[in-house]
Undergrad: 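Before I ask anything, let me first share the structure, which is written out below as structure tokens.
Letters A, B, ... are given to chains in the order of the sequence lines, protein chains preceding strands, and every chain is numbered from 1.
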Protein chains: 2
Amino acid sequence: MPQPPAPRRTAGRPARISREEIIRTASRIVSEDGVDRLTMRRLATEVGSTPMALYHHVRDKEELLVLLLDDYADRSLHRPEPPPADPRERILTAAVAIHDVLAACPWIVEVLTADDLLSASALWFVEQIVAGLADCGLTLEQAVHGYRAIWYFTAGEILVRATSARRRATDDRPTYRDRVFAGLDPAELPHLSRIAPRWAPLTAQDTYEQGLRALLDGLLDQAPG
Amino acid sequence: MPQPPAPRRTAGRPARISREEIIRTASRIVSEDGVDRLTMRRLATEVGSTPMALYHHVRDKEELLVLLLDDYADRSLHRPEPPPADPRERILTAAVAIHDVLAACPWIVEVLTADDLLSASALWFVEQIVAGLADCGLTLEQAVHGYRAIWYFTAGEILVRATSARRRATDDRPTYRDRVFAGLDPAELPHLSRIAPRWAPLTAQDTYEQGLRALLDGLLDQAPG
DNA sequence: GCTAGTTTTCTTACATGTATAGAAACTTAC
DNA sequence: GTAAGTTTCTATACATGTAAGAAAACTAGC
């Protein structure tokens, strides 16, 4: 049983492709042809390798997409100059910035359920939100929970909205939702029945910032002072 | 060109399988062996048919999963008896009920991004929320937007949480998040660095209801009175 | 040089969702 | 009865993610 003697530099076959090259090429494919055209086979040929070789650099396709999103966020998120003086406005600005960048990312649905947002530049915005909540009188624990609430709200808004947009794009039939809302029983569901004709346009409105302000108001009420 | 003469009953080859039978069988497979074992081929053989025959009853596998979720929600959602007298409590009760049932559904991630929740029994809860918000003084439009904010928050919480739980279950390596939080720069991100050691347990806590109350407080502040 | 060990790459194979084309089984009109 | 039309089902085929294992290309120790 030979001892594995701590290799000083690099043992083994030298790598011909790198994670960075994979991400760079995948990013180009996505921006040129859309996320649907990003296949492991095509990516492999475009980096001059074979599909299975990619799997030594990314765990699976989902991890690749998360890395792509981080890369995208790093390039798209720009810090506000100067940051607002009021901590409440700093929080709102940071959350809206994250929201707008993610909502503009067409392949977001495949990825966003995967994990927190953790790119280097995104973390700065997280810091702004946590710090702003703390500056408003919340404890650090409360601030973390508050940030998570904002993140849940943001991710949910983006996902629900992106999915229904995609569904409309790939299907011109009336949606299941439309059919359900057309057949509501006014006796059982009076409010829904009354608003049913306006449900689609109402829920198509962008109310992210309005909801975010409400959530933030409620979170700040938790502060002792 | 023969006129298609309005068929009185049913023309064409009679169906051997029904949408109901498909959903029933799929539901059994999922409850017995998990959602990963639900394949169109297996489902087809278990209903005594072929894979492509299923596609005359459901558009694709995603729609099948949405139908499964609706079926599950219909069987799992129970109305509170009696409903709380206070409208604010009615809203909270309804939202928490939806949340808890969905969060307990293991295959939720595959489906929840698909659409609103529209099963018959779920709609009753939506009605409760919209009605409660209206009773608290919001206009009907504001109430719909308020419901949507609650839905975004709820869906986001469930999705983010379910995904990270699944990731922990299928992978024992330290997560990407752990590695990022271990290497934060205290000068750049002071609050995050300070809370980093406690980030994992803090974000593992169930704070759904707490966040929901904050959001609801903020939404009700929008009421004119 | 040679051997063992390590890391990366390549080959092959399989399970899966589903597109496509056409056959089968019915109803209606004649 | 036959023919046309309609709906459902079947057979075949393909693109995709990726598991399994062998092969390749290196380093370290002799």
Side-chain angles (χ1 to χ4, degrees), chain A residues 1-22 25-26 29-30 33-68 107 110-111 114 166-167 170-171 173, chain B residues 1-22 25-26 29-30 33-68 107 110-111 114 166 170-171:
Chain A
M1 188 188 291
Q3 304 287 344
R8 292 212 321 112
R9 215 54 198 270
T10 51
R13 180 173 177 164
R16 289 168 41 164
I17 56 179
S18 69
R19 189 159 164 150
E20 284 66 35
E21 185 186 1
I22 290 173
T25 306
I29 292 174
V30 167
D33 290 357
V35 74
D36 291 346
R37 298 297 177 80
L38 178 67
T39 69
M40 300 304 273
R41 280 166 229 267
R42 173 169 173 190
L43 179 55
T45 59
E46 297 216 5
V47 299
S49 186
T50 60
M52 291 313 290
L54 302 173
Y55 286 83
H56 275 268
H57 302 271
V58 297
R59 170 159 27 139
D60 51 24
K61 193 179 180 184
E62 183 175 318
E63 180 177 283
L64 173 65
L65 289 171
V66 172
L67 293 170
L68 274 187
W107 73 93
E110 278 87 352
V111 189
R166 167 179 308 199
R167 195 155 287 253
T170 61
D171 193 1
R173 292 185 290 178
Chain B
M1 189 188 290
Q3 304 286 343
R8 292 210 323 109
R9 215 54 200 269
T10 52
R13 181 174 178 166
R16 291 165 43 160
I17 56 178
S18 68
R19 188 159 164 149
E20 286 66 34
E21 187 186 358
I22 290 173
T25 306
I29 293 174
V30 167
D33 291 357
V35 74
D36 291 346
R37 297 298 177 80
L38 178 67
T39 69
M40 301 303 273
R41 279 165 230 265
R42 173 169 174 190
L43 180 55
T45 60
E46 297 215 5
V47 299
S49 186
T50 59
M52 292 312 293
L54 302 174
Y55 286 83
H56 275 268
H57 303 271
V58 297
R59 172 163 21 143
D60 51 23
K61 193 179 179 185
E62 183 174 320
E63 180 176 284
L64 173 65
L65 289 172
V66 172
L67 293 169
L68 274 186
W107 73 93
E110 278 86 354
V111 190
R166 166 180 305 200
T170 60
D171 192 2

Undergrad: Can you confirm whether B:L64 sits close enough to B:L43 that some side-chain heavy atom of one is under 4.5 Å from a side-chain heavy atom of the other?
TA: yes
Undergrad: Need one value for B:L54: base, sugar-phosphate or nothing, where a base atom within 4.0 Å counts as base even if backbone is also close, heavy atoms only.
TA: nothing
Undergrad: Contact class for B:T50 (heavy atom, under 4.0 Å): base, sugar-phosphate, or nothing?
TA: base
Undergrad: Please report, rounded to the nearest Å, how far the C1' atom of D:dG17 is from the CD1 atom of A:I22.
TA: 15 Å
Undergrad: Rounded off to whole Å, could you give me the CG-to-C1' distance for the B:L64 and C:dG17 pair?
TA: 12 Å
Undergrad: What is the distance, to the nearest angstrom, from the OH atom on B:Y55 to the P atom on D:dA11?
TA: 17 Å
Undergrad: What nucleic acid atoms does B:A53 come within less than 4.0 Å of, heavy atoms only: base, sugar-phosphate, or nothing?
TA: base
Undergrad: Are A:R16 and C:dC10 close enough that a side-chain N or O sits under 4.0 Å from OP1 or OP2?
TA: yes
Undergrad: Side chains of A:R42 and A:L38, heavy atoms from C-beta outward: is any pair under 4.5 Å?
TA: no
Undergrad: List the atom of A:R16, the atom of A:E21, and the distance in Å for their closest heavy-atom pair.
TA: O-OE1, 4.1 Å
Undergrad: Between atom CE in B:M52 and atom C1' in C:dA21, what is the gap in whole Å?
TA: 11 Å
Undergrad: How far apart are the closest heavy atoms of B:I17 and B:S49, and which atoms are they?
TA: CD1-OG, 3.9 Å
Undergrad: Nearest-Å distance, NZ (A:K61) to P (D:dT18)?
TA: 8 Å
Undergrad: What pair of heavy atoms forms the shortest contact from B:K61 to B:M40, and how long is it?
TA: CG-SD, 4.0 Å
Undergrad: Atom CG of A:L43 to atom P of D:dA15: distance rounded to whole Å?
TA: 18 Å
Undergrad: Please report the distance, rounded to the nearest Å, between CZ in B:R13 and P in C:dG22.
TA: 17 Å
Undergrad: Between B:T39 and C:dA15, is there a side-chain N or O to OP1/OP2 distance below 4.0 Å?
TA: no
Undergrad: What is the distance, to the nearest angstrom, from the CD1 atom on B:I17 to the C1' atom on D:dT10?
TA: 12 Å
Undergrad: For A:S18 and A:R41, take the nucleotide of DNA chain C holding the closest heavy atom to each; which residue's nucleotide lies nearer the 5' end?
TA: A:S18
Undergrad: Side-chain N or O of B:H56 versus OP1/OP2 of D:dT10: is the shortest distance under 4.0 Å?
TA: no
